[in-house]
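What you see is a predicted model; the values in this text were computed from it and never measured. Numbered from 1 within each chain, the chains take letters A, B, ... in sequence-line order.
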There are 2 protein chains.
Amino acid sequence: MSTAQETADGEAQPWGEVTPDAARRLLLAAVEAFAERGYHATTTRDIAGRAGMSPAALYIHYKTKEELLHRISRIGHEKALDILRTAARAEGSATERLADAVSSFVRWHAGGRTTAKVVQYELDSLGPEARAEILGLRRQVNAEVRGIIEDGVRSGEFDVVDVQGTTLAVLSLCIDVARWFNVNGPRTPEEVGALYADLTLRMVGVADAGQR
Amino acid sequence: MSTAQETADGEAQPWGEVTPDAARRLLLAAVEAFAERGYHATTTRDIAGRAGMSPAALYIHYKTKEELLHRISRIGHEKALDILRTAARAEGSATERLADAVSSFVRWHAGGRTTAKVVQYELDSLGPEARAEILGLRRQVNAEVRGIIEDGVRSGEFDVVDVQGTTLAVLSLCIDVARWFNVNGPRTPEEVGALYADLTLRMVGVADAGQR
DNA sequence: GGGCTCGCTAAGCGCCCGCTCACCCTCGGC
DNA sequence: GCCGAGGGTGAGCGGGCGCTTAGCGAGCCC
């Protein structure tokens, strides 16, 4: 293992920034438990148990159970936004940038399915202020993808009638990967990423999408 | 209101088959509560209260809270399967049938978002046997869409490399509508259905999808 | 019109939840 | 060697959960 940011199973660990060690272990345990059972079905005893600690230990590092979800959600959304921003601002045509954005975004959802599931589907379990903060990040996510599509329309690469509707559809397609992807299934995250990049280019009207 | 199957807001009510009246009111209250807060965050007192009854009344008509979810999920999946079957077995080219299937499936998810959200996203809250039964229905849903796409590939209408992957993507796109659709948003279910039918045809390589 | 059934309620049981509190161990500073 | 701070534990509180039970009133049968 080269750095503390990677584990053997290949799932990127954006939790390196979480310290001290016990707080990170609790966060990781919470991610697993929330992904398996959902936020409301997960007990603080379950989280603490997975981290090898007593239930009370959780409250040394986090004020409430909701703070755990909030932290997970924010860090996850920042990572997702970072992935899309990197792809959107790279060199290359809109076609290349859209394909890169979709394939890396999908790889993140498939490879880090545990985290992605919590990040994408437990938003409603947050309180009003926390949810509002996260919704701000989601608007930025939307804006990055819409930006690429607008570039492609302007340059004539894409043929899109409803830019915002298509943006929503592209994001929707990527996000839903976290719901159905199965680590033990027949497809690797890379394969799904490549397939989805192709499908997305077709959606925006790139003629020879299949031949890329 | 012409029949008991329709309400003023236009959302189809597949609950007509649920009797007696009190059982149907409880089921409807449960759908609303599960959609708003999620299964685990909903209490039996909340469901009974929405239906204007005491908490104990619930247990006259349903053995457990989970039975409510199971009933909702089965009826909803049967309705979804029915919609796709009707479109898949209609007269017409694969192109026409796929467009019809997607647009009506999307209209159902958008127009009946409350129900669809519960049906599509609360599956994991069911126990093992109930979940297994519902997964059987989902396989049939998958098979209907895959059937249309295979027809289109055979007839030369579609250009699809990965049939099952594309099927998954099409279904994924439709299902995720239940997550983001907003009844008070700028789009009607019909508009989203039409847009998604177009995007889907592009995904399967129908050349003049935009001009239909 | 007496009695049975059915749909429903008021009250509450037992359990487990999120969270707290009093206390303990370890370790660095002097 | 003593002390304080910080990370940890065992026990448990208050409360709300899913669900049960005893009983009540309206309607139907004969």
Polar atom pairs (N or O), protein with nucleotides 11-17 of chain D, under 3.5 Å:
residue	atom	partner	partner atom	Å
D:dG12	O6	A:Arg45	NH2	3.4

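- Separating the CD1 atom of A:Ile60 from the C1' atom of D:dT9 is a distance of 8 Å, rounded to the nearest angstrom.
- For B:Glu144 and B:Arg89, the salt-bridge test passes: some basic side-chain N is under 4.0 Å from an acidic carboxylate O.
- Taking 4.0 Å as the cut-off between side-chain N and carboxylate O, B:Arg179 and B:Asp176 count as a salt-bridged pair.
- Rounded to a whole Å, the OH atom of B:Tyr62 is 16 Å from the P atom of D:dG18.
- A salt bridge links A:Asp21 with A:Arg24: at least one charged nitrogen is closer than 4.0 Å to a carboxylate oxygen.
- Ionic pairing of B:Asp151 and B:Arg146 is not present here: no N-O contact between side-chain nitrogen and carboxylate oxygen is shorter than 4.0 angstrom.
- Along DNA chain C, read 5' to 3', the first and last nucleotides having any atom under 4.0 Å from a heavy atom of chain A are C:dC17 to C:dC21.
- The side-chain heavy atoms of A:Phe158 and A:Glu150, taken from C-beta on, include no pair separated by under 4.5 Å.
- Ion pairing between a basic and an acidic side chain is recognised when a charged N comes within 4.0 Å of a carboxylate O; B:Arg50 and B:Glu36 show such pairing.
- The bend of the helix from C:dG1-D:dC30 to C:dC30-D:dG1, defined by the angle between the axes of its first five and last five pairs, stands at 10° to the nearest 10°.
- The pair A:Asp46-A:Lys65 fails the salt-bridge criterion, with no side-chain N (NZ, NE, NH1 or NH2) lying under 4.0 Å from an Asp/Glu carboxylate O.
- Using cut-offs of 30° and 60° for the angle between ring planes, the A:Trp108 and A:Phe105 rings count as parallel.
- A donor-acceptor pair under 3.5 Å is formed between the side chain of B:Arg97 and the backbone N or O of B:Gly92.
- Separating the CD1 atom in B:Ile149 from the OG1 atom in B:Thr167 is a distance of 3.5 Å, to the nearest 0.5 Å.
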